[in-house]
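Read the structure below first, then the notes.
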Amino acid sequence: MARKAARGPQEETLSLWKREQARLKALVVDRDTEWQRDPAFSGLQRVGGVDVSFVKDDSVSACASLVVLNYPELEVVYEDCRMVSLTAPYVSGYLAFREVPFLVDAVQRLQEKDPQLMPQVLFVDGNGVLHHRGFGVACHLGVLTDVPCIGVAKKLLQVDGLENDAAHREKIRLLKAGGDSFPLMGGSGAVLGMALKSHDHSTKPLYVSVGHKMSLETAVRLTHSCCRFRIPEPVRQADIRSRDYIRRTLAVQGAPVPSGKAQRPKACPKGVSEEPA
DNA sequence: GCGACAG
DNA sequence: ATCTTGTCGC
């Protein structure tokens, strides 16, 4: 009895989630629709990013953020951070059920407050069709909001025969300049995504996949064009701002503020060069 | 027992 | 996701 409740999500829940993914997957559009078709992306003026950051030692309290940047300047023109309580557990392959409701909320708030600022594309921290069942969080958010989405993961999700093995790492090593990439082909022969060297000095690639209303080629090219550092600026800003929001929120609740100033730029830990492009 | 495990 | 310091280079 207590034994069952202590374990992960109920099998029944996973089964429901799986069916929901299959249902929504049929609605994914994996081709360019409008401004994406222009090679120069003229007509593209706003790009967005979403992220969820957590309070340490707390698997429930988090900050969901949505930022909008102008393009091609990549300056933040809109920010929405909000503390939320996550109820669903994290299960690999079902990330969206934990985070996506709050991201949809943020998009809807923007639609009501300032529809003019609605981004023409959203960068999502996580995968799109590069996923166990071809329907990662970037697809999920895209279908629920009807906003074009790109999935950007920091590490390879090893599905459908894809493996971060010696051969894979060798391909990474051969990437020369920022913008270089190679396809990630699943066992079925379909290209599920691309490994992208996001700037000249980055050792670790980005794993880009289609979320919604976008071709893979466009997703990769646009991702590269939004990278001032390794992480695409929209996602990077969403991450920075949601973490800072948590820091300030905790400070208000009593704990001393670690530092009144912004954190010093952290040095690159492991091949995660963040030099300006 | 061992390796995997988006965030 | 989060915990974390130093350090080399421009």
Side-chain angles (χ1 to χ4, degrees), chain A residues 7-9 14 17 21 49-66 83-103 122-142 149-166 168 184 186 192-196 199-211 219 223 229 231-232 235-236 238-247 250 258-259 263-277:
Chain A
R7 285 190 299 110
L14 284 185
W17 285 355
Q21 288 180 330
V50 291
D51 191 37
V52 176
S53 293
F54 294 82
V55 174
K56 72 168 182 176
D57 298 331
D58 187 334
S59 60
V60 172
S61 304
C63 173
S65 67
L66 164 64
M83 292 305 299
V84 298
S85 296
L86 302 194
T87 53
Y90 169 67
V91 184
S92 179
Y94 301 92
L95 173 64
F97 293 93
R98 178 164 167 80
E99 301 190 347
V100 101
F102 307 98
L103 302 179
L122 275 175
F123 287 89
V124 182
D125 210 334
N127 294 291
V129 301
L130 172 47
H131 178 266
H132 306 65
R133 290 162 297 280
F135 192 74
V137 63
C139 300
H140 208 129
L141 183 61
C149 284
I150 298 175
V152 181
K154 295 181 287 296
K155 36 192 189 191
L156 177 65
L157 182 57
Q158 305 189 133
V159 296
D160 196 17
L162 293 172
E163 242 186 312
N164 184 15
D165 54 12
H168 180 79
L184 302 165
L192 304 179
M194 299 274 255
L196 169 71
H199 76 248
D200 289 346
H201 300 292
S202 158
T203 304
K204 295 181 57 162
L206 252 29
Y207 295 95
V208 179
S209 60
V210 169
T223 298
F229 305 101
I231 305 298
V235 176
R236 183 170 166 268
D239 179 67
I240 290 173
R241 286 158 193 261
S242 58
R243 299 172 99 133
D244 201 54
Y245 189 85
I246 286 177
R247 189 183 59 75
L250 295 182
S259 160
Q263 297 180 7
R264 290 196 316 272
K266 57 178 182 183
C268 336
K270 280 185 188 135
V272 186
S273 169
E274 284 212 343
E275 308 247 354

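Just so we're on the same page: letters track the sequence lines, and every chain starts at 1.
Phe229(A) has its ring centre no less than 6.0 Å from the ring centre of His199(A).
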The dot-bracket string of DNA chain B, counting Watson-Crick and G-U wobble pairs with both distances under 3.5 Å, using [ ] for crossing pairs and | for pairs to another strand, is .......
Can you list, pair by pair, the side-chain donor-acceptor contacts under 3.5 Å of residues 156-165 of chain A, counting residues two or more places apart and other chains?
unit_1    : atom_1 : unit_2    : atom_2 : d
Gln158(A) : OE1    : Asn164(A) : N      : 2.5
Asp160(A) : OD1    : Gly187(A) : N      : 3.3
Asp160(A) : OD2    : Gly187(A) : N      : 3.3
Asp165(A) : OD1    : Ala167(A) : N      : 3.3
Asp165(A) : OD1    : His168(A) : N      : 2.9

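Taking the P atoms as reference points, dC2(B) lies 31 Å from dT5(C), given to the whole Å.
Rounded to an integer number of Å, the gap from Asp239(A) CG to dA6(B) P is 16 Å. As a whole-Å value, the separation of His199(A) NE2 from dC10(C) P is 14 Å. Between His132(A) atom NE2 and dG7(B) atom P there is a gap of 12 Å when expressed in whole angstrom units. One can place NE2 of His140(A) at 18 Å from P of dA6(B), the figure rounded to the nearest angstrom.
For the OP1/OP2 pair of dC5(B) and a distance below 4.0 Å, the side-chain nitrogens and oxygens of Lys155(A) include no atom meeting the criterion.
Taking the 5.5 Å centre cut-off and the 30° plane limit, the aromatic side chain of Tyr207(A) is not classed as stacked on dA6(B).
Nearest to the side chain of Glu99(A), among dG7(B), dT4(C), dA6(B), sits dG7(B). Which of dG7(B), dC3(C), dA6(B) sits closest to the side chain of Arg98(A) comes down to dG7(B).
For the pair Gln21(A) (side chain) and Gly93(A) (backbone), a donor-acceptor distance under 3.5 Å is present.
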Please write out each protein N/O paired with an N/O of nucleotides 2-4 of chain B under 3.5 Å, distance rounded to 0.1 Å.
unit_1 : atom_1 : unit_2    : atom_2 : d
dA4(B) : O3'    : Gln158(A) : NE2    : 3.3

